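Quick caveat: nothing in here was measured; it's all calculated off a predicted structure.
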Amino acid sequence: MYQDPHAFVSIDTLSDTLCGKTRPIHFKGVCTVVSKLFHIVDPDRAYFGQKDAQQLAIIRKMVKDLNFDIEIVGCPIVREEDGLAKSSRNTYLNEEERKAALCLSQAVKLGESLICKGILAEDVLGKMCALIDAEPLAKIDYVSIVDALTMQPVEKVDNDVLVAMAVYIGKTRLIDNFSFEV
């Protein structure tokens, strides 16, 4: 595997938004661990879930910046029967919290329908946040609409976007998202 010794990873613009705001060094650690793993294993392909869309974007950027000859494959979000995105963190939820957590998937469905109708980004976010805020056990970390490539916030949905959220249900932080292609 060839790696340009002068290459560097420039993830700052991707990691300064969404989860990176409240977890500032998390993605640098992810890049360190994943790049070491890639050097050890030397894979042709690596699979990452789209549920953590920001991490997927950062891994793709790292692979490009460091000239890894690896195809990064994004895997669709897998959902429970009731719509909640599958996560090991779901096991931390008690029965009441588990029901409350459905506000995330409900917000995803609402956001998808509103964006398809051409509703302004600010209004989409407002309605998604109102739905989540109506759940007493939910505390929003963030709900954002960002450019799918740069992860920078957008005011209009005139390019491909990622609509992502992190919400605490009790003490458990859950994430969910959807992409919208123009």
Stepwise side-chain contact (heavy atoms from CB on, under 4.5 Å) test for D69 and D42
CA-CA 9 Å; D69 187 21; D42 194 17; over 6 Å; no

Could you report the tightest heavy-atom contact between [X] and [Y], atom names first, then the distance?
X: L149; Y: L14; value: O-CD2, 3.3 Å
X: R45; Y: Y47; value: CD-OH, 3.1 Å
X: M62; Y: S35; value: SD-CB, 3.9 Å
X: A121; Y: V157; value: CB-CG2, 4.3 Å

Check whether V163 and I175 end up in the same hydrophobic cluster, where Ile, Leu, Val, Met, Phe, Trp and Tyr are linked by side-chain heavy atoms less than 4.5 Å apart.
no

Can you hop from L56 to F178 via hydrophobic side chains spaced under 4.5 Å?
no

Please examine the side chains of [Y] and [X], heavy atoms only from C-beta on, and report whether any two atoms are closer than 4.5 Å.
X: V30; Y: I58; result: no
X: I145; Y: L162; result: no
X: Y92; Y: E97; result: no
X: V63; Y: F38; result: yes
X: D141; Y: T22; result: yes
X: D44; Y: I70; result: no
X: V161; Y: V154; result: yes
X: S15; Y: Q55; result: no

Going through the checks in order, is the side-chain contact (heavy atoms from CB on, under 4.5 Å) test met by M165 and S144?
CA-CA 6 Å; M165 67 186 83; S144 297; over 6 Å; no

Does [Y] offer a backbone N or O that forms a donor-acceptor pair with the side chain of [X] under 3.5 Å?
X: E155; Y: E122; answer: no
X: N177; Y: I77; answer: no
X: D160; Y: V182; answer: yes
X: E135; Y: L137; answer: yes
X: R89; Y: R173; answer: yes

Value rounded to 0.5 Å, distance of [atom1] in [X] from [atom2] in [Y]:
X: N159; Y: T150; atom1: CG; atom2: OG1; result: 9.0 Å
X: Y142; Y: C19; atom1: OH; atom2: SG; result: 3.0 Å
X: R98; Y: N90; atom1: CZ; atom2: CG; result: 5.5 Å
X: Q50; Y: C75; atom1: CD; atom2: SG; result: 7.5 Å

Stepwise side-chain contact (heavy atoms from CB on, under 4.5 Å) test for F48 and V73
CA-CA 6 Å; F48 291 85; V73 180; over 6 Å; no

D133 meets the salt bridge (charged side-chain N to carboxylate O under 4.0 Å, His left out) criterion, sequence neighbours left out, with none

For R79, enumerate each residue passing the salt bridge (charged side-chain N to carboxylate O under 4.0 Å, His left out) test, keeping only those at least two apart in sequence or located in another chain.
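Partners of R79 under the salt bridge (charged side-chain N to carboxylate O under 4.0 Å, His left out) test: D176.
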
Salt-bridged, D82 to K99, with N to O below 4.0 Å?
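No, D82 and K99 are not salt-bridged.
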
Around atom CD of Q152, are there more than 12 heavy atoms of other residues, nucleotides or ligands at under 6.0 Å?
yes

Please set out all donor-acceptor pairs under 3.5 angstrom arising from side-chain atoms of residues 101-116, sequence neighbours excluded.
| residue | atom | partner | partner atom | Å |
| --- | --- | --- | --- | --- |
| S105 | OG | L102 | O | 3.1 |
| S113 | OG | L110 | O | 2.8 |

Decide side-chain contact (heavy atoms from CB on, under 4.5 Å) for L18 and M151; before the verdict, give the C-alpha distance in whole Å, the side-chain angles of both, and the deciding distance to 0.1 Å.
CA-CA 8 Å; L18 305 176; M151 296 289 147; 3.9 Å; yes

